[in-house]
Amino acid sequence: MNLSYLFDPAHWSLTADGSIPQLILSHLYYSALALLIGTVIALPIGLWIGHTGRGSFIAINAGNAGRSLPTLGLLMLMVTLLGLGLLPVLIALTMLVIPPVLTSAYAGVRAIDQRVVDAAKGVGMRPRQVLTKVELPLALPVMMSGFRSAALQVVATATVAAAVGLNGLGRLLIDGLAVNDYSRVLAGAIVVAVLAVVLDLVLAFAQRRIVSPGLRERSSR
Amino acid sequence: MKHIRVFAALAAMVTLAACGANNDPLSNDTDSGSSNAPSAVTIGSANFAESELLAEIYAQALEAKQVQVKRQFNIGARELYLKALQDGSIDLLPEYNGALLSALSKGGAPEGVSSPEDVLAALKKALPAGTEVLDQSAAEDKDTLTVTQQTAAKYNLKTIDDLKPVAGTLSIGAGPEWQERYQGLKGLDAVYGVKFKTFKPLDAGGPLTVNALLKGQIDVGNIFSTDSAIKTNNLVVLADPRNLYLAENVLPLIRSEANNPTVSGALNAVSAKLTTENLTTYLAKVQVDKQDTAAVAKAFLTDNGLA
Amino acid sequence: MTTYLSNNWETVLTALRQHIWLALLPVVVGFVVALPVGYLGVRFPWLYHPLVNTCGVLYSIPSLALFVFLPVVLGTKILSPLNIVVALTIYTVALLARTVADGLRSVDPLVVQSATAMGYRRTRRLVDVELPVALPVILAGLRVATVANISLVSVGALIGVGGLGQLFTRGFQLFYVEPILVGVILSVLLAGAADLVIVLIQRLVTPWTRFQGGAA
């Protein structure tokens, strides 16, 4: 278990090209971008399907269908079609984010007790107020769960971006493999795993702050 | 519950069956023969198209002589597949004498060794125990530093020497292994004093590098000399007057255990017929016409009376 | 695409066969291992959280790293498909052990109590009552693990082993869309088929859920 690459201070410099902090940043950048775009696309769709009940087949099976896409293949397909660059990687990673977010948005809305919605209407809330003040907060635990799961998936999978010439922590894996430097591969594996765990903790903390205290016990994963 | 027990029993049986049948389905067998035949030769290749084509040619040449063959192509760069060779995962693969010599010698190949004969002699001495090389062919495929017409015109580039003054503002793309290789960035610095501003890890002479070069995402690309992209796109190959890139004749690298008169006879016959021109032509069929590698290999062997 | 398929169907079929084995063997082995491990997390409640956390960490190790490291750790040959199988088994166990634990924990305590009242001892109770009730949750996890495995196998192509992944790398090297497309489509179809099989098994093994109006 050669940890020399990981502990070499030269690799932790903030300015050097290809240093670990820089790779972490680019890695988080790809992940965050994919999460943002994916959520912006999937959340409204999932909420709408859950709210109206139409097209629920899509929502239920999107999760599984999305998981079955081979990310490496998707990535190579996109690069072959679109050329080198951020866009193909982003498309592939976003497609990873959409299914869990969509499914959990749908599930979150469906799980809401209709009597609560009725009560809200009974109190005089307009449809938009029902949505923002009642349905969204109630659906939040499940939605956050889906978001967390999507986030972890993306962080773990963004390593493949390196196989098509981009940065990110996958660079340590692919380059280490190419030059037969196992300590580099190990460094990459450890940093990604730690990053994922830290991210999960941060999101768990965020979940506890965002989700209403009354719903907390249901939100623990 | 009855169903649970049935299910559990089924699962157990499947597991046992799977473990018992371990060898065959998990192997990379493309022929239907047994995978444990004593004379089965496992042929590997590196992760670029020409290596795969050559490996397929070797494979079919051997099969024509009734030798059992297992194919394990597209392994990775030399750093990875040499390991596979040494631990016995593969027995044979197509190599390039100069590149292999450079990889096996600390600090690159010895001075003054650059002609095919000299390189072969030095290589034979440098090979790890248990491996040997067979006859080398006249066909050569060299690493090149290649630029677009515009870049060549802009900086007046004809040889790698011309890069020295401007390299500090340029970017180069190659396989990730180039960062550490003597025939990569290290040698370029040591022999030519060329230090690039940025290095983009792409693929070894593959489409990522070619495309990045064409799109201007990199200024210089490491492209293999037999790649049809050079001609098609009017790219300029920079000359190598100091011979950082030695002779690069194609030759089979084989584990001594797997070698025998039938095998060496078949492979030497292939090497005798392989030339840079025909290698480039057949490679173009794979790279440009997108023909199936196996079909092109077969065509090569038939056209040369080897199968 | 049909020209590619007709010219190369042998390569494609071999890749598919290899892919199926590499993906499904870990699922079976992983399932068998995850059951007792998950059970331990319930039987000894103090084990639950450490178990869940370990599984979480294991699952976030990037697959390529695991494929590369196992030869070092296990002493297998570097190109041996066994590396892929062991790595995927680890992922499957990481996913399923937690699902098994959660599934068993979700069994209504009243059900467990009535079983005890009827005279079931611990083991019989586990096999005849708790497991069956937890089965829908466990099988849902199995579906996820299977589909994830099928997707992960193709990453092995980056080290030369990888079933349908070989179609990706080969197509990529030639910048040739057809093999990649065929590989992606087959991979998705394979995942869909495997998923369907598990759903059918679930219907077979837990017939009571059919009448609950809303199987998973």
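- Applying the salt bridge (Lys or Arg N to Asp or Glu O under 4.0 Å) test to residues at least two apart or on different chains, none of the pairs has a partner in residues 79-89 of chain A.
- When each of C/V188, C/D195, C/L189 is tested with A/S68 by the rule side chain to side chain contact (heavy atoms under 4.5 Å, CB included), just one qualifies, namely C/V188.
- Taking every heavy atom of both residues into account, A/G73 and C/I180 meet most closely at O-CG2, 3.4 Å.
- Of residues 166-177 of chain A, those residues with a non-hydrogen atom less than 4.5 Å from any non-hydrogen atom of chain C are, in numerical order, A/L173, A/I174, A/L177.
- C/T169 touches chain A through backbone and side chain together, each having a heavy atom under 4.5 Å away.
- With a 4.5 Å cut-off on non-hydrogen atoms, A/T71 touches chain C through its backbone and its side chain both.
- Considering only residues two or more places apart in sequence or on other chains, A/L75 meets the side chain to side chain contact (heavy atoms under 4.5 Å, CB included) condition with A/V89, A/A92, A/V160, A/V164.
- Scanning both residues, A/A163 and C/F172, for their nearest heavy atoms gives O-CE2, 4.3 Å.
- Between A/L72 and C/S154, the shortest heavy-atom contact is CD2-O, 3.5 Å.
- The side chain to side chain contact (heavy atoms under 4.5 Å, CB included) search around C/A194 returns C/T146, C/I150, not counting sequence neighbours.
- Neither the backbone nor the side chain of C/L190 comes within less than 4.5 Å of any heavy atom of chain A.
- For C/V144, the parts sitting under 4.5 Å from any heavy atom of chain A are the backbone and the side chain alike.
- Neither the backbone nor the side chain of A/V155 comes within less than 4.5 Å of any heavy atom in chain C.
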